[in-house]
> 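Provided herewith is a single structure, encoded as structure tokens, for subsequent inquiry.
All values below were derived from every heavy atom in this structure, side-chain atoms included, with hydrogens, water molecules and symmetry-related copies excluded. Counting starts at 1 for both ligands and their atoms, following the listed order.
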Amino acid sequence: MAGVPSSLKGRSFTRLADWSREELETLLELADELKAERAHRQELRVLPGRTIGLIFHKPSTRTRVAFEVGIAELGGMALFLPAAELQLARGESYRDTAVVLSRLLSALMIRTFEQDEVEQFAQHATIPVINGLTDHAHPLQALADAMTLRERFGSLTGLKLAYLGDGNNVCHSLMRLAGRFGMRFVAATPRGYEPDPTVVAAAAADAATAGGAVETTGDPRAAVRGAHAVYTDVWTSMGQEDTAEQRRRALEPFRVDASLLGEAADGAVAMHCLPAHVGEEISADVLYGPRCLAWEQAENRLHTQKALMALVIR
Ligand code: CP
Ligand code: NVA
């Protein structure tokens, strides 16, 4: 394969908004190459002797395994760091932790609650800091989703993507991605579960520049009309368990089922970042049906995370 470009070395990935469309395209092209090479059992060993720390304040299956496998395939070593076992849990500051870990590691991934915690790490670290999910954003998921949509439709520009459900972290990052690539994005959410209006405004401004559109609505059927992809995520995100019952009541009309998918464009696909709550935000026939890309999205977490690490780690 062609060499890995060096222009992104040292960059953090805390928010999708910090990366230009060209930079994201570079990453997606590398991810495609890595996927093809892996199928031939060829590995790109660009991380020999590098150790990457993975701090988790919340559970994870895909993010953790994609990192651990991806780091091994790139020739590096992964260090799983459950947050409760770090001095962070006893009050050591993000600043001190970031400075110390910068002397020991080559990159650091953090999955946590506040977006500001990831930004503080990035501000004080001298190694790349990667956002592995916060309450506000899930930019790694958006990378895998972009790769999956490109595989299916060839290009992102002009595609209509409808997001149904809670206006959460996954919705925010997807919206920023859609804006960057000039997609037509609409988020359909019930009142009280709308995405952050500042994210909507920024994504809409991006979309206008790129020839697309970003909108919100309260009408799930109107949102999916003509959509090429219909995306949903859990109604109760990690940390929101106390409000699960009221969420189920409010979000019920936003379930992605066969009838709703039938309103979308011919050949439309269903997407889900997983884990899914089958029968809540998505019906079993859609999740396990032939039009669902959730399993491709999950695999593409590996290829996109490998591409990101190959690009940013020195
Ligand atoms: N989609 C996703 O981030 O999955 P995990 O929570 O299992 O990492
Ligand atoms: N919105 C979900 C995504 C899980 C990958 C959560 O934050 O729990």
> Distances for all N or O pairs of ligand 2 and the protein under 3.5 Å?
unit_1	atom_1	unit_2	atom_2	d
ligand 2	1 (N)	Asn168	ND2	3.4
ligand 2	1 (N)	Asn169	OD1	2.9
ligand 2	1 (N)	Asp233	OD2	2.7
ligand 2	1 (N)	Ser237	OG	2.7
ligand 2	7 (O)	Asn169	ND2	2.8
ligand 2	7 (O)	Ser237	OG	3.4
ligand 2	8 (O)	Met238	N	2.8

> List the residues meeting salt bridge (charged side-chain N to carboxylate O under 4.0 Å, His left out) with Arg301, not counting sequence neighbours, and say none if there are none.
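Salt bridge (charged side-chain N to carboxylate O under 4.0 Å, His left out) list for Arg301, sorted by chain: empty.
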
> Fit a plane to each ring of Phe80 and Phe56, take the angle between them on a 0 to 90° scale, and name the class: parallel (under 30°), tilted (30 to 60°) or perpendicular (over 60°).
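Plane angle between 30° and 60°, so tilted.
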
> What residues form a side-chain hydrogen bond (donor to acceptor under 3.5 Å, both in side chains) with Glu252, not counting sequence neighbours?
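With sequence neighbours excluded, Glu252 shows a side-chain hydrogen bond (donor to acceptor under 3.5 Å, both in side chains) to Arg255, given in chain and number order.
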
> With the 4.5 Å side-chain cut-off for hydrophobic clustering, are Leu133 and Leu27 part of the same group?
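Not linked; separate clusters.
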
> Are more than 12 heavy atoms from other residues, nucleotides or ligands located less than 6.0 Å from atom CZ of Arg152?
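Check fails, neighbour count at 12 or below.
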
> Can you confirm whether the side chains of Asp219 and Thr217 place a donor and an acceptor under 3.5 Å from each other?
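On atom types as modelled, these side chains do not qualify, holding no pair under 3.5 Å.
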
> Compute whether any side-chain donor of one residue and acceptor of the other, for Thr14 and Glu119, lie under 3.5 angstrom apart.
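Looking only at side-chain atoms, Glu119 and Thr14 do form a donor-acceptor pair, the distance falling under 3.5 Å.
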
> So Glu281 and Arg247, salt bridge (charged side-chain N to carboxylate O under 4.0 Å, His left out) or not? Walk me through it.
CA-CA 11 Å; Glu281 76 277 1; Arg247 288 171 168 277; over 6 Å; no

> For a quick check under 3.5 Å, do Asn131 and Gln115 share a side-chain donor-acceptor pair by atom type?
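On atom types as modelled, these side chains qualify, holding a pair under 3.5 Å.
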
> Check each protein residue for a heavy atom under 4.0 Å from ligand 1 and list those that pass, ordered by chain and number.
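Residues within 4.0 Å of ligand 1: Ser60, Thr61, Arg62, Thr63, Arg111, His138, Gln141, Cys273, Leu274, Arg301.
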
